[in-house]
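Each remark here refers to the structure printed beneath this line.
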Amino acid sequence: MHKLSWLPILMLSAGAHTTFAQQSAIYTNDLKDFNRAVALYNEKQYQSAQIFFNKIKAENPNQEVQADCAYYIANTAIRLNQANADALMESFVENYPTSTKQNQAYIEVAHYYFEQGKYPQAMSWFEKVDENTLSQADKDKFNFQKGYSLFTTGDKKQAEKYFNTVVNSQEYGSQAKYYLGFMAYEGDNYKEANQYFDQVQGEEKYKEKMSYFQADMNFKLGKFDKAIELGLAAMPKSSPMEKSELSKIIGESYFNLKQYDKAIPYLKEYKGKKGKWNNTDFYMLGYAYYKQNDFENAIAQFNKIIDGKDSVAQNAYYHLGESYLKSDKKQQALNAFKNASEMEFDAKIQEDAYLNYAKLSYEIGNSYQSIPDVLSSFLSKYPNTPNKQEIETLLINSFITSKNYKDALVLLEKNKSSENRLAYQKVTFYRGLELYTDGNYQDALAMFKKSIGENRDAKFTARATFWKAETEYTLSNFKEALLSYKQFLGMGEAKNTPEFKNASYNLAYTYFKLKEYEPAAENFKNYIATAGADKTRLNDAYLRMGDSYFVATKYWPAMEAYNKVIETKGMDADYAAFQKAISYGFVARNEKKIEDLTKFIQNFPKSQYRDDAMFELGNTYVTEKKDDSAIKAYDQLLNEYKNGSYASKAILREGLVYYNAEKDQLALAKFKKVAADYPNTPEALEAVATARLIYVDGGNVAEYATWVKTLSFVEVTDAELDNTTYESAEKQYLQNNTKQAIAGFTGYLSSFPNGIHSLKANFYLGQLYYSDKLENLAVANFKNVAERPRNEFTEQALARLSDIYLKKNDFTNAVPVLKRLETEADYPQNITFAQSNLMRAYYDQKDYANTVVYAEKVLSNPKTDDKVKSDAQIMVARSAIKTNDEGKAKTAYAKLLTIAKGEVAAEALYYDAYFKNKDGKFEASNTAVQKLAKEYSGYKYFGAKGLVLMAKNFYGLKDAFQANYILESVIKNFKDYQDVVDEATAELEIIKKEEGKSNSSIQTRP
C-alpha cells in the first residue's frame, strides 16, 4: 500500500582497479612504448593510450603484444563510449582465444559499466565471466555487483541468490543485507525484512532509508503507534517525496487510532501518486473532518470522489449525505443518500442510506420518483426493517402532502386495507379536485363519489359532497347539483369547511338555472346576509336576486336589489339600472320607466345595454302614444347602431308607428327598407305583410305584386304550403322528437330553401345536429344563419359555429367567426368566450403578438374566473418565452403563481426557479425546485426540467459533484422527455469541459 516508486540507491563499494602485470623482463627495455601506453591507460588518459596501442599493434609483430594491444584498444573504446566498443571486444575474444586477458576483459568491462550505473550493459558482460577463475576477493565483488545489477533490472529472484553469497562478506555484507531486507519488504515479508534491517540498523548510511520502510511495515502490521514514532523520526531527514509518503503513513495511523484531529494535518500533506489523490485519500480526509464535526470541509473532500463505484465511494456518499444533513442542506443530502443506496458493497450502509433517502423524499419532495413510490419501494426491499411503522405512516401521509394523487391512488387501489381507508378518502377527494381543475369533469365526479363512499372523515365527506355538487352544476346536471348542495348544507361539518362560505350562493344559482326563481332569490338573500369581503360575489348576488324577483314578477323587491348594485357604481351597475327601468314598466309606471331609460342613456354611454335601452325607450313612447318621441328614440338607435341587432326591429317599429298614424307613404318606405336590408328575417316578413295591407287599402294590389316579385324570400303562391311544412317540423322540435324534427326541417329546406321560415329552420336544424353530436352536419346550417343580415339567431349561430371549429382545432376557420362573435355579441359570456378562444387560437398559430392582445383583454375583465385568468396568464407567459421577452414572461409567471392550480401551477413554479437562476439567486432557485418536487411531483416533465435547473444552481454554487450527479440521474431516469435529456446532456458536457480545465485542482491536495 505504501511502497515507494523510487529505487533505493546507496553508495556502492567500487573496489580497486585491477593492475595488469607488466610485460616479462625480456621485453622491459624493448617495449617502452607499450609501457607508456599502459601508464596512460592507468592514468585514465584513454584517448592517448588508444592511439599508442593502435600504433604498437600495427608495428609490433609479436602475437602476445598484439593480443594485449587489442585488449587495451577495446577497453579504451568502452571507456570512451565509442560506437564500435562492443565489436572491438568481441573481435579481441574471437581473434585471441588463448589470451590470458579474455576473462579479465569481461569482468573489467562489467565493473566499468556497473560503476557508471549502466546496469543492463554491466549484466550483459557479467553473464560472460567464468566465475570459477575468480579469486575470493574478486568473487565477492563480482557476486555483489551482479546481484545488484539483477536487482535493478527487476530479476529479484536471481538477485537474492547472489546477495546471499556475500551476506557474510566484510566489505559487501551490509549492503547485501540491506537489499535483501528491501526485497523482503517489497514482497510483504515483513518478518524477514525486519531481520535483515535489524542487522544493519547501526550503520548511519542505512538508517534514514530504513526509517521509512520500518514505519510503513509497522503500519501494515497494525502497529500504528510504532509507525507514527518511526515516521516522525524519519521526517526531518527525508526528501520531499519521502515526506509525502511518511505523511500518509502517519496520517492514516492516527486515523486508524481514531485520533482524527491529529490525522488531518498529515493527511493533507500527502501529495498523492504522481500528484493525484485517489478516492480513498479523499475519503479518509473527508471522514476525519466529518468526525471533527467540520462538515463544510468534509463535504469538500467527499465531493471530490468522482465516478466512484466501490465500497469506499459508497461510504463516502453516505457520509457526504450525513454531512449535508448536519449542514441543513437537505436536497444535497437526498442526492448523496440516493447514490449510496444504489450501491451494494455494504448492505447495512445501503439500507441506512435508503432509509435516509426515503425520509428526506417525504420531507422535501423528490423529482426523480413519486414519494409514495420511494417509501413503498423501501418497505418492499426491507420488509423487516425496525423502521417499518414510521415509514408506513409517512407513506400514508405522503399521499396527501406530495400532491401526487394520481400515483398515490394507483397504490391505494392495490392495497385497500382498513388502515388505508382514510387516506383513500382524502386522496380520491384531492384527485377529484385535480381532475376538476383540468376540466375532466366526469372523472372528477367519479372521484368525489368514491370519497363520499368511504365516509371516514366527516369533514372530507362534506367537502367531497360540495365538489360533487359543483361538478354536477358544471355538467348542467342541475337537479343532481341541487340535491348535493342541500346535502352539503345539512352536514354538521359543513360549517368547518372552506367551501361553506359560498354554498348558499352556489345553491341559489342552481335554483336559478332550474328556473325556480323564488327559492333562488331566497338563497341569494341568505348568502348576502353572511357574505364576507368578496365584493364581486356580493354584488353578483344582489344582481341575481334582483333577476330572480324580476322573473318571478316581484318587481318592487327586484328594484330594491338592483338599487344595491347601482349604489356601488361598480361592475354591472349599468345592467341593474337597465333592469330597474324595465321593472317600472311592469308596475304601470311608464313615466318613471321613460325617465330612468333616458338617464341610463346619458349615464352609461359605453354600456352594452345602451341599444337595448334605446329600443325599449322607443317602445315605451309608442305605448304612451308619444309617436314623435318614439321616432326620435328609434332614429338615435339607428344612428348609433346601424348594424346592431335592433336595427331591423327599430325600422319596422318606425314603419308601424307611421302606419298607425296613417302616414302610409312614410310607413311603406320603412317597410321596404326592412325587406331590402334584412331579407328572410321575421321583421322582413312582418314588414311585407303590413305593406300588403297598405297596398290593399289603397287599391294598389298590382303595385304590391310587382314589388313582392323582387323579393327572393317571399313565394306568395306557396305561402300556405310553406307555413304548413314548417309548422309540422317545428311541432316535432318543440316536442323534443329529434329524429322527426331533423327530417322535418331537412324536408322543409329542401322544398323552400328561401322560404318564409328558412332562417328559423336552418338555426333549429343546426341546433339539433349539434345536440346530437353531428357537428359536421350542423356547420352548413349555422353558416347559413351567420351569413345573413343580423338577426335574432346571429349571435347563437356564431357561438355554435366557432365551438365546432374549436373542437376540431380548426383555428383557420375559427378565428374569423370568433372575431365576428367578439364584435357582434350582446351577451358578455359570448364576448369572453370569443376573446379567450381567440387567445388560444392565435397561440396555436404562433401569432404571439395577438395572443398577448387577447390574453390581456381576458385579464382585464373583472368577471373572468380564475381558471380562464390562469389560461390567459399562461398564454402571456408562454408567448413572452417564445418571443424571448423574458421580462414580460417573468411578470406573467409571477402573477400566474397566485391563481394557478395543477400542471399550470407546476409550470409557473418551474419558471419562478428559472428566473431566480437567471438572476444568480441559486439558493432561492433551488428552494423553488424543491417546492415543485414536493407539491407537484405528479407533473414529471416540469420535475425533470426543475432538476436540470437544480444542477445549474449547484454548479453556480461551486458544487460540481451535485451538478454532475443530478444531470446523470436526469439522463438515466427521464428518457420519455427527450428535450430535457438533451438539455441535461448539453449541460453535463459544459460542466465536464470546464472541470476538465481544472482537473488537478479537483484531485490534488495543495
Between Tyr511 and Ser548: side-chain donor-acceptor atoms closer than 3.5 Å: no

Report yes or no: do Asp871 and Ser836 form a side-chain donor-acceptor pair below 3.5 Å? no

Under 3.5 Å, is there a donor-acceptor pair between the Thr738 and Asp772 side chains? no

Establish, yes or no, whether the cationic atom of Lys857 lies under 6.0 Å from the six-membered ring centre of Tyr854 and within 45° of the ring axis. yes

Glu472 side chain to Tyr441 side chain, donor-acceptor N/O pair below 3.5 angstrom: no

Any donor-acceptor pair under 3.5 Å linking the side-chain atoms of Asn791 with those of Thr794? yes

is_close_aromatic(Phe811, Tyr805), centroid dist under 6.0 Å: no

So, Asn776 versus Tyr769: side-chain donor-acceptor pair below 3.5 Å or not? no

Is any side-chain heavy atom of Tyr659 closer than 4.5 Å to a side-chain heavy atom of Thr690? yes

Residue among Phe615, Tyr678, Tyr609 satisfying ring pair (Phe, Tyr, Trp, His ring centres under 6.0 Å) with Tyr646: Phe615

Are side-chain heavy atoms of Phe448 and Leu433 found at a separation under 4.5 Å? yes

Hey, can you tell me if Trp707 and Tyr695 have their rings parallel, tilted or perpendicular (30° and 60° cut-offs)? tilted

Would you say Asp540 and Tyr505 are linked by a side-chain donor-acceptor pair, where the criterion is simply a distance under 3.5 Å? yes

Does the ring centre of Phe524 sit less than 6.0 Å away from the ring centre of Tyr542? no

Between Lys593 and Thr620, is any side-chain donor less than 3.5 angstrom from a side-chain acceptor? yes

Exercise: do Gln732 and Asn737 side chains pair donor with acceptor under 3.5 Å: yes

Side-chain donor-acceptor pair present, Glu907, Tyr893, cut-off under 3.5 Å: yes

Assert yes or no for the condition that the ring centre distance of Tyr549 to Tyr555 is strictly below 6.0 Å. no

Main-chain N/O of Glu824 paired with Arg790 side-chain donor or acceptor, under 3.5 Å: yes

Verify the distance criterion only: is there a donor paired with an acceptor across the side chains of Asp885 and Tyr848 at less than 3.5 Å? no

Side chain Ser750, main chain Thr746, donor-acceptor under 3.5 Å: no

Going through the distances and angles, do Tyr634 and Tyr621 end up as a ring-ring contact (aromatic ring centres under 6.0 Å, His included)? CA-CA 10 Å; Tyr634 291 137; Tyr621 278 132; 9.2 Å; no

